[in-house]
Amino acid sequence: MKIIIKDFIKFFCIITVFIIIIINFFVEMKYDMNIIGYIKNSRPLTIEQRDWLMNHENLIYCADQNAPPLRYIDEDGQYKGIVVDYINALSIEIGTKINIKPMLWSEALVSISNGKTDICDMFESPKRKKDLLFSNPIYNLRGVIVISNDELDIKSYVDLDEKKVATPKGDYAIEYLESKVKNIDYYFTKDIYDALILLKNGEVDAVIGDEPVISFFISELNISNITQILDPPIYEKDVVFGVPRSKYTLLDIINKGIFNIKRKNQIEKIQQKWFGISAPISKKNNERKIMIIVGGVIVLSIIITYVLYFFNKRLKIEVQRRTEELYISNNNLQTTFDGLTHYMVVLNNDMKIVNINKSFCKFINRDKESLIEKVLEDVCCDSNKKLIYEEVGKLVKKTFINNKEHNKKIKYKDNVYEVHTFPLKDKQKNIIKALVMIKDITINHINDKRLLQANKMAAIGQLAAGLAHEIRNPLGLVRNYVYILKMKMNMRDEKVKKAIDTIESSIDKANSTIDNVLNFSRISNTGKEKINMKYFIEDILELEKKIMKKNKIFVKIETDNIEININQESLKHILINLVTNAVDAMPNGGTIKIQCKKLNKRLYIFCSDTGIGIKEKDLEKLFNPFFTTKGIGKGTGLGLYILYNEVEKLGGEVKVYSKLDEGTTFEIYIPLEMGSKKL
Ligand code: ADP
Ligand code: MG
């Protein structure tokens, strides 16, 4: 926000400068002054200025009495000329009468310097500046040299050295040439007319003076065929009004008058009257305007270039900023895409991979670079998951056809996948790509099954408990009556004794079986109980006693007499599964060795057998649910999966070591206290 305000201020300043320059340019063109001068001079006379005029009635304009067409006394004795008309116009503008006093030029200069007169038109010069103040320009004049046609030496003013030159006394040309040409032999005359007479008579080599006056007299004297005006002129300058220094208020008043005359184009009207043309008195004005135009164009070009450069720079910075934002946002999106555990891939309508996430790459065991721009079914054709991609392909095609999302559950080997396809659309809502999201939902599937199984187990448990209770009562009766029979019968009879002993031991066996069923089917809880490991293991083994005897399996229990605090249910599941698997692995007999140790607040259980062992390729699938090598109806493939989950629940770990035809060892570590480190 701060940057935008800063930019706006900067831009506003540039535009303001730009507008001021344009206005200044036009003001300069029209009024020969800058904006400040324009503002100053365009205001009406102030009270102070009016008062000044009231106190100085009858201002006096003095000037050369014989410098036609600028100012001169005609045959009727009337003083007239361009400047006289101009003075009349000025008199109207400032609302004060200006008296006109013609004199010799040299006298006019003296009288204005002494303050005896008020206004005189002249060139500005350092010498004159000592006594006078100067107004804004009124018109333009050139100083020129006239020579006779047979004069060959003089080509420009530098050739005037050591020449005889005639000029009216006090002419500005004298001051101008003073520092430039050292030895001019001047002949001062009262006016140009006299100077030209000297030239005509061959008494001087050249005449210098104001161009329009010289031209006028040349034609009047009819000497244009014997004289020539040298080109280029000596100088070309603005003519201004001079006023005595003491009358500075008058200067401001005159400037306002000049401004108004210019505004009303009066100078053009006066020119038209005298020359029949409305062009400026000399061409210098044109050159000046061309200079102003060229200057204006250069300044404008610089400003426009700067503005363009400035905008271009801003645009570049903005584009850079947006690109960076886009990059970060894209990066964030890609990180999220890669971080998801779902397998995700974006396909175009040629079924080529546009983007693929890390999980998917891992799933098909390929790196991302080798997959981009490849057709999905092609890169996966050698994979054992080909079936899945065929199904995915069908679903993606369907999405491209009807521009809708689709989903489907696909069962493949032991796993279940949920496949979603989404259309990715452009602005016109047309599908351009499709996003495929594959989720492995095997665990959810299994959890559902497990829940079902757990419910079944709980139901069986309740049933078993009820049944055991029902059997226990008649068994009690049988035990009582056997006792009575024992009292009454002749126990010396061997046959009777054997029969009664068999009945008694059968009753005991039935009782202990009922105890086992009741123990095993007790509803699972998460609480901990104190148990003696040795007795606990013996109880478990009791369940498999019969089959172990049949298959000639020996059991070695090596456990310290340790008591631990643990969830009985979990430990029971762990041990039963270890023992049943070991028994199943030794159909032709062998030895099961169970070791238990309590070390560093951890319980260690080692269970090894001398059975058939496990193939190496099966080792990694061992804990997968439903993985079994046993025949139909024999194995469920859930035993080790349950064991793994129970160990996990207790915060422990399982390891397996196995060798084919030699045997298998399971090592289990369980932390016994909260905070005991996992291995
Ligand atoms: P099930 O016993 O129902 O087959 P389990 O999850 O308990 O399921 O065991 C999975 C598989 O692991 C068994 O089918 C068997 O191939 C193998 N296995 C487990 N324990 C042993 C063992 N002690 N010796 C050899 N193979 C074993
Ligand atoms: Mg098993």
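Remember, predicted model here, so these are calculated numbers, not experimental data. Counting starts at 1 for both ligands and their atoms, in listed order.
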(request) Would you mind telling me which of I562, I537, I566 makes a side-chain contact (heavy atoms from CB on, under 4.5 Å) with I531? (result) I566
(request) Indicate, with yes or no, if the rings of Y669 and Y604 have centres closer together than 6.0 Å. (result) yes
(message) Using a plain distance cutoff, I'd like to know if L640 has any nitrogen or oxygen under 3.5 Å from a nitrogen or oxygen of ligand 1.
(response) yes
(message) Does this structure show an ion pair linking E318 with R321, if we count only N-O contacts that are shorter than 4.0 Å?
(response) yes
(request) Would you check whether G613 reaches within less than 4.0 Å of ligand 1, judged by its heavy atoms? (result) yes
(request) May I ask you to check whether K630 has an N/O atom sitting below 3.5 Å from an N/O atom of ligand 1? (result) yes
(request) May I ask you to check whether N581 has an N/O atom sitting below 3.5 Å from an N/O atom of ligand 1? (result) yes
(request) Check G590 against T610 and note the closest heavy-atom contact, atom names and distance. (result) CA-OG1, 3.4 Å
(request) Look at D508 together with R479 and state whether they make a salt bridge at an N to O cut-off of under 4.0 Å. (result) yes
(request) Determine, for K497 against E494, whether the closest basic-nitrogen to carboxylate-oxygen distance falls under 4.0 angstrom. (result) no
(request) Answer yes or no: does an N/O atom from N577 fall short of 3.5 Å to an N/O atom of ligand 1? (result) no
(message) Assess, by modelled atom type and distance only, whether the side chains of N567 and E646 contain a donor and an acceptor separated by less than 3.5 Å.
(response) no
(message) Can you tell me which portion of D609 lies within the under-4.0 Å heavy-atom range of ligand 1? Options are side chain, backbone, both, or neither.
(response) side chain
(request) Closest by any non-hydrogen atom to atom 18 (N) of ligand 1: pick that one out of I614, T665, L660, V579. (result) I614
(request) Check whether any N, O or S atom of N581 sits under 2.8 Å from the Mg ion (ligand 2). (result) yes
(request) Under 4.0 Å, heavy atoms only, figure out whether ligand 1 is touched by the backbone of T628, its side chain, both or neither. (result) both
